[in-house]
Amino acid sequence: MMNQKGQPTVSIEDLLRLKRAERPDAAFWTQFDQELRAKQLAALVEKRPWWTALPRKLRSLARHQLPLGATAVLAITLVSLRDYQPLVPARRQAVPAFDTSAQAPAPLAAMVAPDAVDTADTVAPSDVPERDSLVPLRAEFANSSEVARMVPTLPAAAGNDDERPSARSIAENRAVAEVMLGTANPGFETRAMPVRLNPREPLAQMSNPSEAHRSRFATAFAAAAIGTSPVPTARVARRLSDEQLYDTIHRFGASGNSVSFKF
Amino acid sequence: MDAAKALGKTLVASPERRQEADADFEIVRRVQAGDVAAFDSLIRRYRERLFAVIYNLTANREDAADLTQDAFIKAFQSIHRFSGQSTFFTWLYRIGVNSTISHLRKNRLRSFFSLETLDADEPVARDVVAALTDTADGERDAFVRELQERLNAAMLKLSIKHRTVVTLFEIDGLSHQEIAEVTGCSVGTVRSRLHYAKQLLQAELQPYLRR
């Protein structure tokens, strides 16, 4: 290209085309090929991390996304229904009924601590009487050697201790543990339901409050009548009716915003 | 008429390049089918062009060699993902350019420049050097060396994006459309970057321009 004066022109494009002429020599390409071959072989031998193939595998699964998603949702639903158990409102009261910390060694106290109780294996206190209820054992503990090691260390109940509720519950738990360990089956289902011994109706255990009041009143009456009247306290107690017993209570009344006293 | 042809060539790929792309696609199919040795023909075909692009981006011979090799390795490892939606060389360039941009960003503070020797038999280079010098051969070599360094310095003053566009268009001869595919931006952005980069280069290389 020439300008108007007949001199050659050089534009910025011409200068940049000079860069095209910058080329390495043949020896450079020989070395380049050798290095590239070595890198290629190293890349073939090198084990690539598993996540590099993950997108490709996910892409291959993308065509089955609908049935796979439906199956996953169904499985999650089934598992949720299978493991669903309504919460027991007063489950923490089920365990403190046993006063094992006084007699049992530390491992047993830790075992029956409220935090260790599995909700699925817990029996509600309203269903089972307190003295007949069992310490809920977790299935993991029942099948493990830890329980087998801990249970024999329980102090043997002897003498008057047999009559204490804590001693009875320890003995019952020990029997349950022995039963569960003896029949432990390492199959699919490892959980075991706690065994109830001598189930009793809750109402059958409740004593009539009027009976207690009557006996208390009779005792007080006997103490006051010592030396004045030989009437046996049993007869006095029989003669007292419920109306008379609760008469003092009926003298006080409260209804709405008013409180009444009867003299 | 020639100007219109040249303008069309800058906008879209030439028919020769389309034929090349078809041939490349056949080779890629063979590699995907298990013929690993067929990849060597792709390396031989594109190693010099890819090296030239990366060399003009990095201004370093050793870095350019390493990055070119890495680009071929990555292309070989990912060849099964190539579906033919773009041409192979566009895909390969994209790998190389992206690797180079990452490398330049990581080593922003490191700068070791090395210059290749200018091929004096290249017609364009010969004409440009002849137009700029009217001195003896010994002084001409020194002048060419100085011009190379000034060109290199001017290129390195450009940002990576502008340098990429200038390199792909002016040095490698890709069309605007192909540059847009390689860089992942629109054709308008490519033209804008090219215009801005040329203005900066003109300001830097003013003493060497003859009008």
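Model, not experiment: these values are computed from the prediction. Below, chain A is the first sequence line, B the second, and so on; all start at residue 1.
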inquiry  = Any side-chain to backbone donor/acceptor pair from Arg61(B) onto Pro24(A)? Under 3.5 Å, distance only.
reply    = no
key: Reported CG-to-CD distance for the pair Leu15(A) and Gln202(B), which is rounded to 0.5 angstrom   = 9.5 Å
request  = Return yes when atom CZ of Phe76(B) has more than 12 non-hydrogen atoms of other residues, nucleotides or ligands closer than 6.0 Å, and no otherwise.
outcome  = yes
request  = Against chain A, label Arg47(B) side chain, backbone, both or neither, depending on which of its atoms sit under 4.5 Å from a heavy atom there.
outcome  = both
query = Between Leu151(B), Leu205(B), Val166(B), which residue shows the highest count of heavy-atom pairs closer than 4.5 Å to chain A?
reply = Leu151(B)
ask   = Step by step, would you call Arg23(A) with Glu48(B) a side-chain contact (heavy atoms from CB on, under 4.5 Å)?
value = CA-CA 8 Å; Arg23(A) 288 176 187 158; Glu48(B) 293 181 23; 5.5 Å; no
key: From CZ (Phe72(B)) to CD (Gln40(A)), nearest 0.5 Å   = 10.0 Å
Chain A contact via Val36(B) - which portion, at a heavy-atom distance below 4.5 Å = neither
key: Pair Glu13(A) + Lys198(B), salt bridge at N-O below 4.0 Å   = yes
ask   = Between atom CG of Asn56(B) and atom CG of Leu16(A), what is the distance when rounded to the nearest 0.5 Å?
value = 9.0 Å
request  = Give the C-alpha distance, both sets of side-chain angles, the deciding distance and a yes or no for side-chain contact (heavy atoms from CB on, under 4.5 Å) between Asp70(B) and Lys39(A).
outcome  = CA-CA 8 Å; Asp70(B) 290 346; Lys39(A) 284 185 178 179; 3.4 Å; yes
task = Can you tell which part of Tyr208(B) gets under 4.5 Å to a heavy atom of chain A, answering side chain, backbone, both or neither?
result = both
request  = Give me the contact list for residues 83-95 of chain B versus chain A, heavy atoms only, anything under 4.5 Å, ordered by residue number.
outcome  = none
inquiry  = For a quick test of reading the model, state the closest non-hydrogen atom pair linking Ala43(A) to Gln77(B) and the distance between them.
reply    = CB-NE2, 3.3 Å
query = How would you list, in number order, the residues of residues 29-38 of chain A that have a heavy atom less than 4.5 Å from chain B?
reply = Trp29(A), Phe32(A), Asp33(A), Glu35(A), Leu36(A), Arg37(A)
query = Side chain, backbone, both or neither: which part of Asp66(B) has a non-hydrogen atom closer than 4.5 Å to chain A?
reply = both
inquiry  = Which atoms of Ala52(B) are under 4.5 Å from chain A, going by heavy atoms: the side chain, the backbone, both sets, or neither?
reply    = neither
remark   = CG (Leu18(A)) and CG (Leu147(B)) are apart, to the nearest 0.5 Å, by 5.5 Å
Basic-acidic side-chain contact under 4.0 Å: Asp172(B), Arg17(A) = no
